[in-house]
*Asks:* 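Sharing a structure here in structure tokens format.
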Number of protein chains: 2
Amino acid sequence: MSLQLVAGHQARVAPAVPFASETQSLSSLFSRQPVERIAAGAAVFWEGDQANHIFEVVEGTLRALRILSDGRRIIIGFLRPGDLLGVSLKDHYLYTVEAITPVELRRFSRHRFESESARAPHLKEQLFSRLCDEMAAAQDQMVLLSRRSADEKVAGFLLMMVRDQRENRRPVVELPMTRLDVADYLGLTIETVSRTITKLAGNGASRRSGVTRSPS
Amino acid sequence: MSLQLVAGHQARVAPAVPFASETQSLSSLFSRQPVERIAAGAAVFWEGDQANHIFEVVEGTLRALRILSDGRRIIIGFLRPGDLLGVSLKDHYLYTVEAITPVELRRFSRHRFESESARAPHLKEQLFSRLCDEMAAAQDQMVLLSRRSADEKVAGFLLMMVRDQRENRRPVVELPMTRLDVADYLGLTIETVSRTITKLAGNGASRRSGVTRSPS
DNA sequence: CGGGCGTTTGATCGGGGTCAAGGCCGGTGG
DNA sequence: CCACCGGCCTTGACCCCGATCAAACGCCCG
């Protein structure tokens, strides 16, 4: 489903990608790797797997999630082109990553990345910087989860989506993920998410446009 | 206030401090710095300040927090001896840090740390590892905030406290922070925190013991 | 055409927020 | 020494937001 945000033009300035030149060199490292394709719904890796690889998203959208012992599901975040997966010094991945849409990504073995970055310390620097960004995002998410009302959560989520998709000029935000994904990301139920979106549309804050579901 | 947890002995094994030998060398870097004393209630630095220093907590308890524009307060986490403050490559601190009890800490200028770690890359390695631990903790916190009931939150918080204070054999957990701190950490109100603790005591899960308030 | 999945919408319930009152303790000043 | 005050905590009454239970719709696909 896509949704046209009347408030789209009010979106804050996107946080600048730091060190465009350095990011260049980090992604250039990946650009030599072959592109792998993942089908929608398939997992890239699972929480607890040996963390042997780092990935860069080339195309598509993914979800990072954890399942609690009692079945409750938490979406840690959504990954989009340019994002890195599996950046951690832990031996095991902290969460499962699944493709929402068909995905293209490039893989780098951690072992090889270590040796590469040993020769070029600025690579490790960039990784560090990425991790700090992710840390800041995690803290913002904690604020969102602990202190925002359902309305604020959903509106904030839509504005985040619109910010990430700035490249297309129209204030139309595509939501490749399901309501369940959004709900598990915001700490709400699918019913509340659906109701809130409907309410925002009623307020004139946004308007629904066509449905374009991707095949499961 | 302190609180005796009957369930204390059930606390899980504390997540091992990784690389005891490396931690040694990292803290040995700090050990050459003079100890600074901070009064209870005083701030070490503020959200948005130039991030010019890294700190190591020697003694006492601190809170890391952010204030939303509308006054809502979020406790990101509590800091205890051995923890590092201000570890981030960002130019500005992401949150305010205040002393809860009287605190002792050692300071290291970021500039100097950079040059030190340039000569000894394993130092950067350790910092990286710390950041990953913090990342994992942040994700656990997100799970806590989004999907746990008030009972689970408070019980989980008390168990965390008991784990951190394992050194004293008695299953008594000291809570240096106020109810407001706990509430803002768990995404609850002080009334709910208070009620829940009372209920846990009634269930026999815990028992209240003496009140030892530190002077403001 | 029928079945399944994702979504929307409605009705009801309950956990936790809100408002309010009172208790406990330490500090302070008469 | 005691009365007062101000923080912090506890407890009670009430209410509302969002969860839960339930039903129906739209779209895709067999």
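Here the structure is a predicted model, which is why all the values come from computation and not from measurement. Just so it is clear: chains get the letters A, B, ... in the order the sequence lines come, proteins before strands, and each one is counted from 1.
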*Asks:* According to the ring-ring contact (aromatic ring centres under 6.0 Å, His included) rule, which pairs have a member within residues 83-107 of chain B, sequence neighbours left out?
*Replies:*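 Matches after skipping sequence neighbours: B:F45-B:Y93.
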
*Asks:* Round to a whole Å and report the spacing from CG of A:D151 to P of D:dG18.
*Replies:*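 In whole Å, D:dG18 P and A:D151 CG are 6 Å from each other.
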
*Asks:* So, B:R195 and B:D151, do they make that salt bridge, N to O below 4.0 Å?
*Replies:*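 B:D151 and B:R195: not salt-bridged.
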
*Asks:* Under the side-chain contact (heavy atoms from CB on, under 4.5 Å) test, which residues partner B:S146, sequence neighbours left out?
*Replies:*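 In terms of side-chain contact (heavy atoms from CB on, under 4.5 Å), with neighbours along the sequence ignored, B:S146 is linked to A:I74, A:L145.
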
*Asks:* Round to a whole Å and report the spacing from CD of A:E152 to C1' of D:dG18.
*Replies:*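 The distance from CD of A:E152 to C1' of D:dG18 comes to 14 Å, rounded to the nearest Å.
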
*Asks:* Heavy atoms from C-beta onward define the side chain here; which of D:dT10, D:dG12, C:dT7 lies closest to that of B:T198?
*Replies:*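 Looking only at heavy atoms from C-beta outward on B:T198, the closest nucleotide is D:dT10.
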
*Asks:* Can you confirm whether B:H53 sits close enough to B:R110 that some side-chain heavy atom of one is under 4.5 Å from a side-chain heavy atom of the other?
*Replies:*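 Sidechains of B:R110 and B:H53: no contact.
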
*Asks:* Using salt bridge (Lys or Arg N to Asp or Glu O under 4.0 Å) as the criterion, list what pairs up with B:R37, not counting sequence neighbours.
*Replies:*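 B:E104.
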
*Asks:* Determine whether B:L105 and B:F30 make a side-chain contact, defined as any pair of heavy atoms from C-beta on separated by less than 4.5 Å.
*Replies:*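 SC-SC contact between B:L105 and B:F30 ruled out.
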
*Asks:* What pairs of residues pass the salt bridge (charged side-chain N to carboxylate O under 4.0 Å, His left out) test when at least one of them lies in residues 94-103 of chain A, not counting sequence neighbours?
*Replies:*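 Qualifying pairs, neighbours excluded: A:R63-A:E98.
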
*Asks:* Return the value, rounded to whole Å, for the distance between atom NZ of A:K199 and atom P of C:dT8.
*Replies:*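 Distance check: A:K199 NZ to C:dT8 P gives 15 Å.
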
*Asks:* Hey, which of these two, B:R195 or A:T178, hits DNA chain C nearer its 5' end, going by closest nucleotide?
*Replies:*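 Its nearest nucleotide lies further toward 5', so the answer is A:T178.
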
*Asks:* Taking OP1 and OP2 of C:dT8, is either one under 4.0 Å from a side-chain nitrogen or oxygen of A:R179?
*Replies:*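 Yes, because at least one side-chain N or O of A:R179 sits under 4.0 Å from OP1 or OP2 of C:dT8.
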
*Asks:* Salt bridge check, A:E152 against B:R72: does any charged N sit closer than 4.0 Å to a carboxylate O?
*Replies:*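 Result for this pair is yes, salt bridge flagged.
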
*Asks:* For residues 186-193 of chain B, which residues have at least one heavy atom under 4.0 Å from DNA chain C?
*Replies:*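 Residues of residues 186-193 of chain B that come under 4.0 Å of DNA chain C are, in numerical order, B:G187, B:L188, B:T189, B:E191, B:T192.
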
*Asks:* Set out, line by line, the N/O atom pairs under 3.5 Å between protein and nucleotides 14-17 of chain D.
*Replies:*
none

